[in-house]
Number of protein chains: 2
Amino acid sequence: MSTRKIVTIYDIAERLKLAPSTISRGLQDNPAVNEKTRKRIMAAAAEMGYRFNTFASNLRKQRSNMIGVIVPRLNSYFISSMLAGIEKEINSAGYDMLISQSLELEANEIKYARAMLNNRVDGLIVNLAANTRNLDHFQEYSRHNLPLVFVDRVFEDDDFNKVMINNSRAGYDITRHLIEQGCRRIVHLTGSLMRNVYQERKAGYQRALAEFQIPYDEELVLETELTEDASAAAAEKILKMKNRPDALFVSNDMSAAICMKVFKDAGLHIPQDIAVAGFNNEIISRLSDPMITTINYPGEEMGRTAARQLINLIEHKSDNDLTKSIILKSQLVVRGSTLKKPTTNL
Amino acid sequence: MSTRKIVTIYDIAERLKLAPSTISRGLQDNPAVNEKTRKRIMAAAAEMGYRFNTFASNLRKQRSNMIGVIVPRLNSYFISSMLAGIEKEINSAGYDMLISQSLELEANEIKYARAMLNNRVDGLIVNLAANTRNLDHFQEYSRHNLPLVFVDRVFEDDDFNKVMINNSRAGYDITRHLIEQGCRRIVHLTGSLMRNVYQERKAGYQRALAEFQIPYDEELVLETELTEDASAAAAEKILKMKNRPDALFVSNDMSAAICMKVFKDAGLHIPQDIAVAGFNNEIISRLSDPMITTINYPGEEMGRTAARQLINLIEHKSDNDLTKSIILKSQLVVRGSTLKKPTTNL
DNA sequence: TTGTAGGCGTTATCAC
DNA sequence: GTGATAACGCCTACAA
């Protein structure tokens, strides 16, 4: 029963003795077409197994109604929250979403940026790969006046649109909090320092140390990929340090929880023996024992904001020349994993 | 400097005094074209800011090179692992991925299934929404001979291709394990029983109870949405039960961890006062204290398998008439949260 | 309210 | 090795 031949508006037109243009109008509820005609058209279309051809339509209309999204990974708490936010906003505005994951590799990012361009996406949202060196592969978007928004992982000193939080401030807040709890030898476990988010958090960490006249010790900054294994390895390394640190500031809650587990398994008490702070306010920060002090990091909202900004640019509701950096709020959330002094009322 | 007019192969042809067809060939490294000519074409294209038009190409070639994916949510551990698997497989086979999230609503699923069809995806992978009642909205795919693969959440008694695990067996294994640990009053906290995955796990639970002559008590089955709040509420409810249960089997590790936290906060000891088992083998199951007994559930591999199966169907490397259900292995992983008897060597 | 006609950018076919 | 031409399916002036 499956109709081999692809059914087009011409076939429907022929069957109903109407013009193709009438069919086209009828199918998209154009009010110019007679109600009865419209119903006949719909019925015939359904019966004949007609499928609207988005390509032909897009080709003709010169736009795709698709928004491209390039992220480093799909399976991360932060990224998936962000994607959920992007998707909601995009879909309610009538767009579809084309996703690629760079797997943290610049080479893939370059490849996908080009593919998205060829796919005529109406705009692009990007969260940079860990090892991306520059934004050359996005210059083409400017050239074609295609809106582009970077979210979270960005280059800070360029003219692109971006949505982010104040990572430096957050890193400072958390480090200062640790210092105020009496910690002096604070390890910082971070992701790739090529990325602003990690670089900035580290800058905030250093700023807080300096403010309290604690000498900065490079040995205490551990750069890893923040994977499950790498995090556990880092924790082991910390355990083996001659002069054991009294605090650990990790750039990610999951990683922090992994370190905490290693510490606890080694018989340490948290926060007494070592205080641990994370980042992101993931569910796990609330489930760990003790609960993890962290930075509340609005992934879904960042996604929505980036998407909304992009859509505004696409629909010319805002001006691409007025480059905007949107900085969303993040807050320090103090919990048991760092409370050495029972002073705070929590 | 931005070129207003869209540059096409005609423009390049004109500039180089060549025919459009030659340009087309040159751009795709067709060996028929002279090496020198090819280089001139490439150079001109780059210089003029030419962008390949995927629509026109797809329209002409009658295919999109895109694979559609419909999932209930993007921000869940299992889903994002699965997506990562799908993406890797799809991309290495040269396809792109179009994603929509149904937000667990059948209405959205119907809408997106149609949109994917119109977008001329070459195939579709679906993980069903919580409240989907039937698969009518996918019949059109059969009609058009478009390959379709359901993954994880499926309807078991139809003719569609599917990739899943043996949920009934897994539910049985976990329940039996709890019983063998001496538990008799076992609560089962589950997601929507309209979905096979939950229905089957429950069936396994019942089968194990029956086998050990433990009467099935409907009051002990709690159906919720397994969100953070719903899980905590369920745990509270369990705490208030007159005759407190001695075990809890949750259909999801995150949920199990949340329940455990509520129990611990109420002063209970795990597993002595109440044993807790989860599902999925998420990272959190390894980080909780005690670690959570669970079912190892290969999300990424399920994604890869579904994608591979779909691609085979698309490329006619396998026959759609030979409907296949692929059942992947899952295993019971016993950990501290259920070990009441220190007999097992763990 | 409906019809006519041309074009969106690419590729396949056939010719040279 | 290169060129001419006709689709692919839809949309939109403009005309009737």
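Since the structure is predicted, the reported quantities are computational estimates derived from the model, not experimental observations. For the numbers below, each heavy atom of this structure counts, side chains included, while hydrogens, waters and symmetry mates do not. Within every chain, numbering begins at 1; the chains are lettered A, B, ... in the order of the sequence lines, protein sequences first and strands thereafter.
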**OP:** May I ask you to verify if any side-chain N or O of B:Gln62 is less than 4.0 angstrom from the OP1 or OP2 atom of D:dG9?
**Re:** yes
**OP:** Determine: side-chain N/O of B:Ser21 to OP1/OP2 of D:dG3, distance under 4.0 Å, yes or no.
**Re:** no
Send over the distance from [X] [atom1] to [N] [atom2], rounded to a whole Å.
{"X": "B:Tyr50", "N": "C:dC8", "atom1": "OH", "atom2": "C1'", "answer": "13 Å"}
{"X": "B:Arg40", "N": "D:dG1", "atom1": "CZ", "atom2": "P", "answer": "15 Å"}
{"X": "B:Asp29", "N": "D:dG1", "atom1": "CG", "atom2": "P", "answer": "14 Å"}
{"X": "A:Ile6", "N": "D:dC8", "atom1": "CD1", "atom2": "C1'", "answer": "9 Å"}
{"X": "B:Arg25", "N": "D:dG1", "atom1": "CZ", "atom2": "C1'", "answer": "8 Å"}
{"X": "B:Ile9", "N": "D:dA6", "atom1": "CD1", "atom2": "C1'", "answer": "14 Å"}
{"X": "B:Leu59", "N": "D:dG9", "atom1": "CG", "atom2": "P", "answer": "7 Å"}
{"X": "B:Asn65", "N": "C:dT11", "atom1": "CG", "atom2": "P", "answer": "12 Å"}

Subject >> side chain to side chain contact (heavy atoms under 4.5 Å, CB included), paired with A:Leu135, selected from A:Leu128, A:Asp159, A:Val126 >> reply: A:Leu128
Original post:
From D:dG3, D:dT12, C:dT10, pick the nucleotide closest to the side chain of B:Arg60?
Top reply: C:dT10
Original post:
What's the closest nucleotide to the B:Ala19 side chain, out of D:dC10, D:dT12, D:dA4?
Top reply: D:dA4
**OP:** Answer yes or no: does atom CZ of A:Arg63 have more than 12 heavy-atom neighbours from other residues, nucleotides or ligands under 6.0 Å?
**Re:** yes
**OP:** Check whether more than 12 heavy atoms from other residues, nucleotides or ligands sit under 6.0 Å from atom CD of A:Glu14, and answer yes or no.
**Re:** no
Any base atoms under 4.0 Å from [X], or only sugar-phosphate, or nothing? Heavy atoms, all strands.
{"X": "B:Ser24", "answer": "base"}
{"X": "B:Lys17", "answer": "sugar-phosphate"}
{"X": "B:Tyr10", "answer": "base"}
{"X": "B:Glu35", "answer": "nothing"}

Subject >> Verdict with supporting geometry, A:Glu300 and A:Lys88, salt bridge (charged side-chain N to carboxylate O under 4.0 Å, His left out) >> reply: CA-CA 10 Å; A:Glu300 177 156 345; A:Lys88 281 183 195 164; 2.7 Å; yes
**OP:** Using a strict 4.0 Å threshold on nitrogen-to-oxygen distance, state whether A:Glu47 and A:Arg15 make a salt bridge.
**Re:** yes
Original post:
Should A:Leu74 and B:Glu87 count as side-chain neighbours, where that means a heavy-atom distance under 4.5 Å?
Top reply: yes
Original post:
Under 4.5 Å between any side-chain heavy atoms of A:Thr132 and A:Met194, yes or no?
Top reply: no
**OP:** Take B:Lys61 and B:Asn34, find for each the nucleotide of DNA chain D with the closest heavy atom, and name the residue whose nucleotide sits nearer the 5' end.
**Re:** B:Asn34
Original post:
Closest nucleotide of DNA chain D for A:Thr54 versus for B:Thr22: which of these residues is on the 5' side?
Top reply: B:Thr22
**OP:** Compute both the distance and the angle, then confirm whether B:Arg143 meets the cation-pi test with B:Phe138: under 6.0 Å from the six-membered ring centre, within 45 degrees of the axis.
**Re:** no
Original post:
Using rotation axes that map the C1' atoms of four end pairs onto the next four (five pairs an end), what angle separates the end axes of the helix from C:dT1-D:dA16 to C:dC16-D:dG1, to 10°?
Top reply: 30°
